[in-house]
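Accompanying notes for the structure given below.
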Amino acid sequence: MHLPSCCISDSPPYSHMYISQLPIPSEPKRTNSTIPIKNNLISNKKIKTTTTNPSKMASKIAIIITSTRTPRVGPHVATLVHNILKASPSAASSTFSIVDVDTFKLPVFDEPVVPANVPARGSFVHDHSKKWSAEIASHDAYVLIAPEYNYGVAGSTKNAIDYLKNEWDGKPAAIVTYGIQGGKMASEQIKQSLEGMGLRVSATRPQLAFAGGLGPDTFGAVGEGKLGDASNKEWEEKHSEEIVQSYKEILDALANPVEKKE
Ligand SMILES: Cc1cc2nc3c(=O)[nH]c(=O)nc-3n(C[C@H](O)[C@H](O)[C@H](O)COP(=O)(O)O)c2cc1C
C-alpha cells in the first residue's frame, strides 16, 4: 500500500488527508441488543465478571467502553484489557464489570441541573441520566477505554464524563486509549477533565497503537470495528505490564482515600 509522506511523519501524527483516506464505516451490522466480541456475545446489559477470590473488601472496578459508534472496536479493546487484568495476581482484590456507554443512549448533555449540584441541590430529570448516575455511583474505580477522534477525545467519551460529577469525584481512574498512534492527545485531554473533576488518575496511561500503522488493522478497526490479530498480539505482549501497572495505581489510590473536593 502506498502511503503519502503525511501519513508516516511524526508531527503531526496524522493529517486530515490521511484521516479522509480512511474507509467509510460499513452499515451497522449489530442490533441494539448485541455487540459481537470474538466468539462471545456481549448483551446490551453490562457484563459483570467476578474474579476468583473476591473478599468482603473487594473493590468494584468498571471497565468502561466509551466509543458508541457502529461499527466500533471499543468492546474488543475492553475485552483485551479485562482479560489482562483478570489474569493479573493483583486482580484477586477486585471485581470487574464491563460497562458500555452505548447502552445508556445518552444524548448530548441535556439536564437542566448542573451535575455538581446533584444530589445536594437538585436531581436529574431524565431516566438516561438517572441510570448512568446509578451505574457510575456503584463502582469504586474506573478504567476508561477511549478512542482518539480528530486529534482528541471522542464526543461520546466526553459527554459520558460531563453527565456526572459527584458520582466520579475522589475515585481513582485509569485511562487506556487506542488509535492509529495510540491516542496520546485523547489521553491527555481525558486526564485533564478527570483530574479537574476530582478523580485520581493513574500516572501510567497505556496508549495502544494499531499494529502496522496505516495498514490492515487500522482499516479493519475504522471500517469494520475489528481488532486485528497483530494488534491483539502486540498489545498483549507490549502493553500488558503497563495495563496492570495502571490498575495497581488504582489499588494504591483506593488504599489511600481522599476527601471529596467541594
Ligand atoms: C471520526 C473519527 C476520527 C478519527 N480520528 C483519529 C485520530 O485523530 N487519531 C487516531 O489515532 N485515530 C483516529 N481515528 C481512527 C480510530 O482510532 C479508529 O477508528 C478506532 O477504531 C476508533 O475507535 P472505535 O472503533 O471504538 O470508535 C478516527 C476515527 C473516526 C471514526
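Here the structure is a predicted model, which is why all the values come from computation and not from measurement. Counting starts at 1 for both ligands and their atoms, in listed order. This chain uses plain numbering: 1 for the first residue, then up along the sequence.
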- Residues D169, K165: salt bridge by 4.0 Å N-O rule: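 Here D169 pairs with K165 in a salt bridge, since their nearest N and O are under 4.0 Å apart.
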- Under 3.5 Å between some N or O of ligand 1 and some N or O of G182?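 No; every N/O pair is 3.5 Å or more apart.
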- Heteroatom proximity flag, G179 to ligand 1, N/O under 3.5 Å: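 Checking ligand 1 against G179, no N or O pair falls under 3.5 Å apart.
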- Query: Are side-chain N/O atoms of T66 and T157 paired as donor and acceptor at under 3.5 Å?
  - Reply: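 Looking only at side-chain atoms, T157 and T66 do form a donor-acceptor pair, the distance falling under 3.5 Å.
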Below 4.0 angstrom from a heavy atom of [X], which ligand 1 atoms are there? Numbered from 1 as shown, please.
| X | answer |
| --- | --- |
| P147 | 22 (C), 23 (O) |
| S67 | 24 (P), 26 (O), 27 (O) |
| G74 | 26 (O) |

- Residue pair W132 / T103, side-chain heavy-atom distance below 4.5 Å: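 Side-chain contact under 4.5 Å: no.
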Would you kindly specify which portion of [X] sits under 4.0 Å from ligand 1, judged on non-hydrogen atoms: side chain, backbone, both or neither?
| X | answer |
| --- | --- |
| Q181 | backbone |
| A221 | both |
| R69 | side chain |

- A134: what forms a side-chain contact (heavy atoms from CB on, under 4.5 Å) with it, not counting sequence neighbours?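 So A134 forms no side-chain contact (heavy atoms from CB on, under 4.5 Å) with any residue.
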- Message: Taking side chain to side chain donor-acceptor pair (under 3.5 Å) as the definition, give me every residue that meets it alongside Y163, ordered by chain and number, with sequence neighbours left out.
- Response: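 Applying side chain to side chain donor-acceptor pair (under 3.5 Å) to Y163 gives D110, H128.
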- Item | Nearest option to atom 22 (C) of ligand 1, as decided by whichever heavy atom of F219, Y151, Y149 sits closest |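 Among F219, Y151, Y149, the closest heavy atom to atom 22 (C) of ligand 1 comes from Y149.
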- Identify the heavy atoms of V99 and A62 that sit nearest to each other, and give their distance.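 That closest heavy-atom pairing would be CG2-CB, 3.9 Å.
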